[in-house]
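Have a look at the structure below before the remarks.
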Amino acid sequence: MTIRIYVAEIAAWDPALPGTRSLYFATHGLATAAGDTPAATYIAGRISQPASIRREIFAGSRIGGRSRVSLGSMILRNEDGGLDHLAGYAFDGRPVTIRVGDAGTAYPAGFATLFQGVMDQVEFRRREVEIRLRDRALELEVPLQDSRYAGTSTAAGGIEGTADDLKDKVKPWGRGRLFEVPPAYVNSAKLIFQAHDGAAASIDAVYVGGNAVTAGAAHASQAALESASVTPGQYDSWLAQSVFRLQTEPQKAVTCDIAIGATAADRTVAAIARHLVESRAGIATADLAIADLAALDAANAAEIGYWTDRDGVTVAEALDRVSASIGAYWWFDRQGRFRMARLAEPAGTPALTLKLPGGDAVLGEGDAALTAFEFLPVELPVWRVALGYRHIELVQRSGLAGAALSDEARAPYLAEEYRIAKAEDAAVLTAHPGARELRLDTRLVATAAAAAEAARLLALLKVERQKLRVTVRVDQGQADSIDLGRVVRLQTGRYGLAAGKDFLVIGQELDLRRNRAELILWG
């Protein structure tokens, strides 16, 4: 009889080293071979309960953003006190990997990765140790921007503000195409402003009191900008640090339109998401599902823009806003890879067909047995979608000057944070008088892109949808094929599903010791 073994590899901080130590535990005692990693090592059989983590990629009317992750736990036996010494170790925020394989198989080469994530809390009890787990989304709960102004600017130069204004304040950060950005006043003596902590592709416009200032010279260095004589009524710029300089002290609010990211292809949801995950959170390229990002760009490569000057914004928060612009969602799969997809009609070859055994239902290869299913509440269809787009960073309902005050287009534009693109189908109200309106704010830039996304969401959500919770018996191979975002087919003799219907897996909880999975399906 083949014995299935779960092995957990834990990185813990050992203060006695001091440094990180790798700890291994298994459900059954396991002696590794000389060619394994770790080599010729006995792994104690202390796991009484491998981890179980519930995840869901969207809920209710929320379209896009992160997956919701419920904490799971792994339980280690400690009746003999053999793990008591670990009470002095530090575990939080450190990686954990759980693998499963057959006894006698090479480790780790012959084991499948069941879960890769991080540890949260560890609780020591008299007879057991509970390790609470999170997926790798915890690694994105880090500051998006922690670069701060030094306060060292003087009348002679500098773009770091002074001790009396900007010192220790977070520097502004953005990506994409941005409008009406309120830049930091980094040198009042030199009249220099900074819109982004880093390089810009272009500073497309500068405004004072809502009125455009004429573009002047673009300089190659900070020194050249500081020493220049700016022409009256113009602004000079230095793109390497997204700064510009005025000639006259402004008496009204200063804003600018700016593009960050070398080309339009660098300013899409997929491109900005990759930049956030790699460059801002430090996730390795090898841990990104690059094919997902390519597919997302193929589905919607419209330009967007995201900017903030707030302290405490996390990479995860920024990623939520960016991805929701095109109805996309993100998560980390069980192998610890960053994934993205766009909410769409379930399509493609189903990973599994779920059937209720008995009667005419015969389980074939690639089928999984339903043991229970129930319908869950789902919101009514949508008859109108109103999509906010072309977000402006500083709304100005007062304080305008000169021509901007009387401009019939400019003044109303500055008074509203978003433009609105609508798509509607009043015929939906015939069958569903209680059909709802959906309002979503995005970071899309172009009117055409917003109109297209509004129409897509309407087509997707104006029809009746079903949401189900199902429990199925699965083997290891089947479990690997039903991760979040995959399509499965549900086939049963009831509810008009005799021919089968395809659903998107939007929630999942696996219990592989019992060969069971609970899935939340949407379609």
Side-chain angles (χ1 to χ4, degrees), residues 1-11 22-55 72-80 82-83 95-117 119 127-133 135 332-337 351-355 357 363-372 470-484 486 488 505 508-519:
M1 176 180 169
T2 301
I3 299 176
R4 299 287 279 173
I5 298 178
Y6 292 81
V7 179
E9 180 178 342
I10 293 170
S22 293
L23 305 175
Y24 295 85
F25 303 103
T27 49
H28 301 78
L30 172 67
T32 64
D36 292 350
T37 303
T41 299
Y42 180 73
I43 300 176
R46 288 188 176 270
I47 299 178
S48 63
Q49 176 185 308
S52 176
I53 291 185
R54 178 184 294 274
R55 299 178 295 158
S73 295
M74 179 170 60
I75 305 297
L76 305 178
R77 290 186 292 270
N78 191 35
E79 299 93 337
D80 60 354
L83 301 180
V96 56
T97 300
I98 301 175
R99 298 184 175 94
V100 61
D102 295 335
T105 304
Y107 184 85
F111 281 63
T113 299
L114 171 63
F115 174 76
Q116 186 172 340
M119 290 172 285
R127 301 175 62 85
E128 65 185 21
V129 178
E130 179 182 1
I131 301 176
R132 303 185 73 188
L133 307 175
D135 76 354
F332 283 86
D333 63 19
R334 294 196 309 276
Q335 285 71 44
R337 294 186 307 158
L352 283 177
T353 297
L354 314 180
K355 295 182 178 179
L363 297 183
E365 185 177 354
D367 294 343
L370 276 170
T371 59
V470 303
T471 305
V472 296
R473 293 195 300 269
V474 292
D475 58 29
Q476 178 63 48
Q478 291 172 326
D480 288 341
S481 68
I482 52 173
D483 204 353
L484 296 179
R486 300 297 295 272
V488 298
V505 178
Q508 176 196 68
E509 183 173 11
L510 292 177
D511 185 350
L512 292 182
R513 291 203 73 182
R514 297 175 176 82
N515 295 320
R516 185 177 67 189
E518 184 180 282
L519 308 176

- prompt: Taking only residues two or more places apart in sequence or in another chain, which ones pass salt bridge (Lys or Arg N to Asp or Glu O under 4.0 Å) with Glu518?
  reply: Arg54, Arg469
query: At their closest point, which heavy atom of Ser73 faces which heavy atom of Arg132, and how far apart are they?
result: OG-CG, 3.8 Å
query: Looking at CD of Glu79 and CZ of Arg127, how far apart are the two atoms once the value is rounded to the nearest 0.5 Å?
result: 5.0 Å
Summary of salt bridge (charged side-chain N to carboxylate O under 4.0 Å, His left out) pairs that have at least one residue in residues 97-111, sequence neighbours excluded: Arg4-Asp102, Glu9-Arg99
query: What is the distance from atom CD1 of Ile75 to atom CD1 of Ile131, rounded to the nearest 0.5 Å?
result: 8.5 Å
message: Please give me the minimum heavy-atom distance between Ala351 and Arg486, naming the atom from each residue.
response: CB-NH2, 3.8 Å
query: If you round to the nearest 0.5 Å, how far is CD of Gln49 from CD1 of Ile47?
result: 10.5 Å
Shortest non-hydrogen separation from Leu114 to Tyr6 and the atoms involved: CD2-CE2, 3.6 Å
- prompt: If you measure from CD on Gln116 to CD1 on Ile98, what distance do you get to the nearest 0.5 Å?
  reply: 10.5 Å
What side-chain donor-acceptor pairs closer than 3.5 Å can you find for residues 32-43, not counting sequence neighbours?
unit_1	atom_1	unit_2	atom_2	d
Thr32	OG1	Pro38	O	2.7
Thr32	OG1	Ala40	N	3.2
Thr32	OG1	Thr41	N	2.7
Thr32	OG1	Thr41	O	3.2
Asp36	OD1	Tyr107	N	3.4
Asp36	OD2	Ala33	N	2.9
Asp36	OD2	Tyr107	N	3.4
Thr41	OG1	Ala39	O	2.8

message: Can a donor-acceptor pair be found, under 3.5 Å and without considering hydrogens, that links the side chain of Asn78 to the backbone of Leu83?
response: yes
- prompt: For the residue pair Gly110 and Thr105, what are the closest heavy atoms and their distance?
  reply: CA-CG2, 3.2 Å
- prompt: With no hydrogens and no angle check, do the side chains of Thr113 and Gln335 hold a donor and an acceptor under 3.5 Å apart?
  reply: no
field: Listed partners of Arg337 passing side-chain contact (heavy atoms from CB on, under 4.5 Å), at least two apart
entry: Ala289, Asp333, Arg339
message: Using 0.5 Å steps for rounding, measure from the CD1 atom of Ile10 to the CG atom of Leu76.
response: 6.0 Å
field: Glu128: partners by side-chain hydrogen bond (donor to acceptor under 3.5 Å, both in side chains), with sequence neighbours left out
entry: Arg125
- request: Would you give the length of the straight line joining atom CZ of Phe111 to atom CG of Leu30, rounded to the nearest 0.5 angstrom?
  value: 5.5 Å
